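In what follows, chains carry the letters A, B, and so on, assigned in the order in which the sequence lines appear, proteins first and then strands, with residues in each chain numbered from 1. Quick caveat, the model's predicted, so the values are computed rather than measured.
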Amino acid sequence: MFGQLFISGVATGALYALTAVAVVVVFRNTRTINLAQGDFAMVGAFAALVFIKDFGLNYYVALFGAVLTCVLLGIAFERIVMRPIADSDWLTLFTATLGMYYVLHGVAGWFWGRDTKAFPVTFDPTPIEVIGGLVSQGHVINMAWAGGIGLMLFWFFRYTKQGIAMRAVTDDPDTAMLMGIPVRFIVLLTWGMAGFLAAFAGVLLAPIVYVAPEMMDEVLIKGYVAAVFGGLYSIPGAILGALMIGITENMAGGYLGSHFKTATAFVMIVVLLAFRPQGLFGIQKRREF
Amino acid sequence: MVDPFFTREVKLVTNIIRQLITVVGSLFVLTMFQSGHASDGPGISKDQILICSYQPMTGKVSSYFRMGKGADAWFKHVNENGGINGRMIKFKMVDDKYEPARTKNIVKRFIERDKCFAIVAPLGSAPTKAVIDYIVSKDVPLIGAGTGAAKNVFYKSRNVFPLYPPYDKEGTDLVRFTKEVFNAKKIGVIYQNDASGKTHLKGIEVGLKQYGVEMIAAEGYEPKEVDLSSQVIKMKSANVDALICSCAPEPAAKVYTERAKLGWKAPVVNVFFGKSPKVPELAGKGAVDGVYFATIFREWDDPNEHIQKAKAILTKFYPEEQHDAVHLWGFTGAQVFSEAVKRMGSGPITRAKLLDTLEGIDNWKGSVVPVVNIGEVKEGEEAIKHLLVPSMNYVVYKGGKFQPFTPPWMK
Amino acid sequence: MFGPVNKSSLNRGTLANITTLRQNWGLMIALFTAALAFPFLPGVEGWMASQAALIVVYIIAAQGVSILTGYTGLVTVGHGGFLAIGAYTSALLTKYFAVDLIIGIISGAIMAGVFGFLLGLVFLRLSGAFMAIGTLGFAFFVGTIVNNIPIFEGREGISLPTNRVLGMEIGDTGFLVISVIALGLTTLLIYRLVHSGVGRAFMALRDAERAAESSGVNRVKYRTLSFTISAAVTGVAGGLNAHIVNYVSAEVFADIWYSVDFLVATVVGGSAMLMGPFIGGFFIVMVPFFLEELADFSFILKGVVLIGVLILAPAGIAGVIARPFQALRAKRICPKSTGQPK
Amino acid sequence: MTEILRCENVLVSFGGVVACNNITLGITEGKIIGLIGPNGAGKTTLFNVLTRFQDADTGSLYFRGADIGRLKPHDMASMGMTRTFQNINLFAEQSTLDNILIGAHHLIGNPFANMFGLPRARKNERKLIERARQIAEMLRLEDQLNNEVKNLPYGVQKRVEMARALASNPEIILLDEPVAGCNEEETADLKEIIQHVNRELGITVFLVEHDMSMVMSICDYIYVINFGANLAEGTPAEIQSNSDVIKAYLGEEDET
């Protein structure tokens with residue numbers, strides 16, 4: 001049972017990972033927790049659904065369409081909502097993303113209804129055996145994609161000009177500005193990237209959590225917890241946090257009883273923050289004067 | 001998709017204006033102009049009957065809003081055909097987000113401000129539990145609420161007309177099912193960690209004693225839980241003979257996906273509110289193959305004329321909806337109500353008369369329910385005799401469709 | 001010690017304080033008289049009283065959030081947890097020990113305050129996003145507890161006896177009166193808080209934590225105090241919320257969006273303004289009310305108004321309303337003020 | 001002359017980088033003492049240690065002979081020590097009056113009595129407001145009392161910060177670069193204020209400053225640190241002629 005619980009936990013953790021990474025990417029450059037991240041993903045899933053069902057497009061074309069939709073959505077959100085209030089305090093930025101959550105939620109419910117919809121692309125139901133546990137192919141494909149995107153992000157932040165500029169903005173926006181880095185553009189890019197990651201999360205999760213306006217709510221909250229677990233600044237930390245939460249949850253569900261399964265993540269985060277306020281992999285920032 | 005936009009925008013604006021007028025109006029206008037017979041009950045005018053319903057239009061269980069849509073489709077159909085005895089039926093649905101605190105306020109408004117004649121086909125165990133005392137205390141009929149919580153079904157009042165049997169009775173029946181169909185000795189239960197699941201569990205415990213079956217594992221899940229693998233893994237490793245799944249469609253789909261993945265073969269029976277074409281659609285046909293479901297309605301592809309009519313009506317008024325048993329819950333309450341109004345004729349319509357007329361419906365075959373038989377309840381007796389759908393049937397999902405299944409004791 | 005005291009400047013200052021006081025008091029007393037008189041007006045029906053009570057509950061909860069978020073600068077998304085603690089404490093006491101409604105609500109507030117105190121200590125070093133997630137975790141934790149420990153009866157909920165004060169049944173109207181009185185007391189509390197050294201210390205911690213510390217503000221003490229008061233005020237809202245419908249259920253309290261609604265109410269109204277929660281609470285309750293048959297639109301409208309307020313009126317709607325008054329007052333009190341040093 | 005504040009052998013390191021290396025200095029009561037040193041010499045860190053924002057790895061701190069090494073930043077105010085910050089660190093959303101009143105926070109008495117407005121607390125509050133006015137008067141801020149400080153010009157904000165420090169009724173004020181970013185007129189203004197505070201109110205002043213002419217003209221005694229260690233000390237005249245100091249400022253500029 002242990003092996004199976006572990007493997008299933010990893011599979012579930014991988015579901016949270018993409019959202020957690022997106023939360024970190026946005027937080028690093030804008031100091032905002034993006035509450036609308038899940039709804040970006042939801043819009044992506046619905047977009048893919050529409051492309052496949054109503055336009056009869058191929059899965060990959062639909063995925064591309066969803067990515068495009070979400071990137072545009074992210075950019076539009078930055079330009080219309082976040083830029084005018086860019087200099088405000090944390091609370092303002094946070095609640096602005098909350099406003100976006102409400103809007104996207106309402107619009108999705110209005111356009112597509114509240115009904116849960118099946119995603120037309122399902123995976124081969126035969127499971128794959130990994131070290132003594134069974135994983136469904138959907139989860140494996142999800143993990144492969146998530147891993148691929150993780151590597152891509154690694155490459156992006158390490159070797160591309162924009163990626164390095166982004167890291168500079170993360171470290172110190174003011175200095176970055178002085179160094180001639182177009183901070184505004186980088187922030188725009190960040191939101192575009194949030195949309196990109198959201199589209200993948202949405203389309204990959206759609207066959208597993210099914211498509212509905214509130215499909216991402218639970219995943220999103222776990223994604224935050226994972227991101228905070230990893231310290232909110234670190235992408236590998238977020239991924240590790242997501243996997244840890246997936247595994248611990250499943251273990252608690254298996255050995256302590258299912259009542260405590262969903263609460264595990266929150267107990268973990270409360271305890272962690274009480275002792276390590278900067279998260280597991282966060283850097284204790286030097287108090288600045 | 002273009003037309004609903006426009007109508008909804010118009011509806012939005014008119015709605016705001018109407019709300020403002022009613023609020024301001026009821027502040028200043030002391031006596032309301034009442035039309036129709038002087039002896040008519042509240043909510044009845046010369047050409048309209050106002051009935052109301054609270055629905056989870058948004059929020060976590062919003063997929064059950066299907067019930068409201070079912071009822072709404074039927075009333076739209078009735079109105080399109082000239083209403084009943086010259087009166088149109090105005091069916092007002094309000095979003096309570098499945099939050100009891102909101103429900104209570106909404107129902108107060110229904111009864112005190114809007115003067116609703118009756119509450120028809122509302123949804124939810126918890127919301128109904130929160131408001132049933134109030135509804136009954138105001139002597140308002142509550143017809144066909146989508147709830148199987150014991151309090152709501154056994155409520156001691158003539159005003160309550162429960163839709164389907166209480167969940168605990170179903171739970172007991174399902175234990176019998178596992179015993180007599182699966183020949184199980186040790187069973188496991190996966191249940192939704194809320195009023196419905198816990199009521200099922202109570203009934204199952206009764207059934208265990210009655211039929212000499214042992215329950216060796218019971219696992220709950222949260223309604224919106226992302227992943228149910230640990231529950232299923234635990235069931236499998238507990239090595240149960242059979243599984244009772246008290247699951248709504250989406251979680252049921254997750255359970256069956258997981259079960260197929262693990263290659264676990266123990267037989268499963270699912271409670272009736274999880275019986276939906278959604279389950280095979282979401283989980284994949286293979287995963288659901290061989291799963292038994294309790295059900296209270298015929299299949300949508302049943303040649304029965306009322307089912308086919310309901311299908312046509314639903315397709316007409318809610319073309320984007322995928323047909324589901326939950327729609328039929330709404331249909332039942334709505335159809336029984338309109339039948340009662342029809343039977344009352346053109347004379348004055350009052351709530352007391354409605355109750356009498358409803359109780360007079362015997363052996364009626366004009367709705368999506370095969371036979372409606374409403375018993376008589378005296379003041380102080382339990383409303384269980386008012387059940388609109390008293391019997392429960394079983395189906396098994398085989399070869400890509402739900403097929404009727406008759407357990408030995410029903411033969 | 002500091003040289004000669006200039007009498008005229010002293011008078012101006014006292015005047016400033018008294019004027020602020022009078023303006024606020026005038027408005028507040030008018031508002032409360034209106035609220036108390038409301039249920040007795042002709043044509044007011046029972047549902048209106050209970051709707052008004054619901055608004056009051058949201059206002060009080062938003063006040064609780066505003067103490068922590070608006071005045072102390074700690075963003076919370078977990079006040080649903082305190083609401084639940086207040087609600088269940090009061091519910092269990094009134095149901096099983098048949099205590100008076102008022103005692104139930106006060107006990108709820110105390111219990112919530114105790115938990116607020118503990119949480120304040122646990123989250124001593126958090127701020128910003130970490131604080132938000134931490135409080136969120138707390139709310140979920142409370143939700144899980146009430147959902148799974150038998151005495152709370154989970155999502156099935158507990159039906160409560162009818163509301164009684166001093167043995168008398170009070171009905172909707174009486175309940176509204178009680179709620180308005182509670183609101184009056186919490187408003188008074190916040191007013192005193194903001195206009196005292198304690199409130200100044202809260203705001204100092206919000207605006208410049210280190211400077212506050214070097215001025216002698218004990219960060220630990222005041223942060224915890226802020227948490228405690230904020231939780232206790234929200235606990236009052238919780239107690240009222242339980243009795244408004246005579247029913248409590250984990251269905252509501254296990255839901256994060258409930259906590260988030262309070263935050264929205266605070267921000268839309270104006271998080272650091274006395275009037276803010278009033279406007280915000282009204283907004284949150286009345287938007288779904290006016291759009292009751294169009295649930296999706298109420299979502300969209302809520303989002304659009306929220307974003308609009310953030311962009312156009314960062315200090316909240318109360319800030320916009322207060323602006324002309326402030327300008328007027330500044331003119332009257334400091335006619336010579338030019339903003340330039342002499 | 002008694003020493004009001006003294007630190008001995010203070011050592012602070014951040015992950016291997018030594019910011020303060022065995023610094024020892026004493027502040028004589030009633031004087032204006034300066035602390036200078038090239039950028040990154042550890043001045044601000046030392047200030048933070050003295051005001052307890054930063055714990056020293058080793059070393060001891062004394063205030064009037066009592067060990068204060070374990071106290072917290074907020075204990076300083078009631079003891080009679082206060083500070084200003086390098087960049088203005090005011091309560092931007094609040095009025096000048098409130099800013100000054102926060103300085104007097106440790107004088108509000110029982111916070112609950114204060115909050116519920118009990119008679120004695122009210123009387124105390126009135127007294128505090130009156131004192132805040134007097135301080136404002138002295139620093140020529142009386143017209144700004146009801147204005148939000150974020151709308152005030154830079155030089156005025158500097159004076160507000162000074163007023164806030166004075167409101168706590170201190171015996172010693174630590175000023176972290178009091179005239180940084182000020183123009184000549186503002187600098188002269190602040191210089192005058194510092195001297196007034198020192199001479200008329202008898203408050204000891206300990207300041208870090210880069211503006212050499214200002215330091216030389218107002219300080220009675222100066223400490224110089226470099227690379228986190230004591231380099232020199234003496235009267236302004238002595239410092240100006242000290243060859244080590246000159247080398248530190250001119251010769252090794254590129255290494256700091």
Side-chain angles (χ1 to χ4, degrees), chain A residues 23 27 31-33 35-36 80-81 84-85 88-96 98-111 113-114 213 217 221 224-225 227-229 231-232 257 259-274 276-279 282 287 289, chain C residues 69-70 73-75 77 119 121-145 147-149 154 206 209-210 254-257 260 263-264 266-268 271 294-312 314:
Chain A
V23 168
F27 182 82
R31 299 290 184 271
T32 313
I33 286 270
L35 269 180
I80 297 166
V81 179
I85 55 171
S88 315
D89 57 1
W90 198 87
L91 175 65
T92 307
L93 300 174
F94 177 72
T95 35
L98 178 59
M100 193 62 185
Y101 168 91
Y102 284 132
V103 171
L104 288 179
H105 225 71
V107 169
W110 175 30
F111 265 110
R114 294 269 159 186
D217 284 6
I221 288 167
Y224 293 143
V225 174
V228 172
F229 224 88
L232 268 180
H259 293 333
F260 302 98
K261 186 178 171 188
T262 42
T264 327
F266 300 107
V267 175
M268 273 163 73
I269 198 71
V270 169
V271 172
L272 178 86
L273 288 178
R276 259 188 86 82
Q278 71 275 32
R287 296 176 132 184
F289 282 85
Chain C
T69 300
L74 301 170
V75 177
V77 238
L119 198 70
L121 282 183
V122 170
F123 288 159
L124 206 52
R125 292 189 287 168
L126 298 188
S127 61
F130 291 93
M131 179 60 102
I133 301 292
T135 49
L136 175 74
F138 165 75
F140 266 97
F141 186 62
V142 172
T144 311
I145 297 282
N147 198 13
N148 289 309
I149 291 185
R206 173 193 69 191
E209 192 175 283
R210 325 222 77 200
D255 193 2
I256 157 193
W257 304 114
V260 167
L263 191 67
V264 172
T266 316
V267 171
V268 167
S271 58
L294 296 158
D296 290 326
F297 277 107
S298 94
F299 257 88
I300 299 175
L301 187 68
K302 206 151 88 173
V304 168
V305 170
L306 179 59
I307 292 175
V309 164
L310 291 171
I311 294 176
L312 303 173

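To the nearest 0.5 Å, atom CG of residue A:Leu272 and atom CD1 of residue C:Ile133 are 12.0 Å apart. For the atom pair A:Gln278 CD and C:Leu126 CG, the distance stands at 10.0 Å (nearest 0.5 Å). Atom OG1 of C:Thr135 is separated from atom CG of A:Leu273 by 9.5 Å, given to the nearest 0.5 angstrom. Separating the CG atom in C:Leu310 from the CG atom in A:Leu91 is a distance of 8.0 Å, to the nearest 0.5 Å. Atom OG1 of residue A:Thr264 and atom CZ of residue C:Phe141 lie 10.5 Å apart, to the nearest 0.5 angstrom.
Side chains of A:Val267 and C:Phe140 form no contact here, defined as non-hydrogen atoms less than 4.5 Å apart. Between A:Phe94 and C:Val75, the closest side-chain pair of non-hydrogen atoms falls below 4.5 Å.
In this structure, C:Ala129 and A:Leu232 approach most closely via the heavy-atom pair CB-CD1, 3.6 Å. Listed here is the closest heavy atom pair of C:Phe130 and A:Val228: CD2-CG1, 3.7 Å. Nearest approach of A:Ile221 to C:Leu136, heavy atoms of both residues: CG2-CD2, 4.1 Å. The two residues A:Ala274 and C:Arg125 have their closest heavy-atom pair at O-NH2, 4.1 Å.
Note: A:Leu98 leads A:Leu104, A:Val107, A:Leu98 in heavy-atom pairs under 4.5 Å with chain C. Interface check for chain C: of the options A:Asp89, A:Leu93, A:Ile269, A:Asp217, the most heavy-atom pairs under 4.5 Å are formed by A:Asp217.
Taking the centre of each ring, A:Tyr102 and C:Phe299 come in below the 6.0 Å mark.
Interface remark: C:Ser127 contributes no atoms to any contact with chain A (heavy atom separation under 4.5 Å). With a threshold of 4.5 angstrom between heavy atoms, A:Ile33 approaches chain C through side-chain atoms but not through N, CA, C or O. Contact annotation for C:Val304: both backbone and side-chain heavy atoms come within less than 4.5 Å of a heavy atom of chain A. Only the side chain of C:Leu306 comes within contact range of chain A, with at least one heavy atom under 4.5 Å from a heavy atom of that chain. Neither the backbone nor the side chain of A:Ser88 comes within less than 4.5 Å of any heavy atom in chain C. For C:Val77, the part lying under 4.5 angstrom from a heavy atom of chain A is the side chain only.
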- [ ] Report the C-alpha distance between C:Phe123 and A:Val270 in whole Å, list the side-chain angles of each, state the deciding distance to 0.1 Å, and finish with yes or no for side chain to side chain contact (heavy atoms under 4.5 Å, CB included).
- [x] CA-CA 8 Å; C:Phe123 288 159; A:Val270 169; 4.0 Å; yes
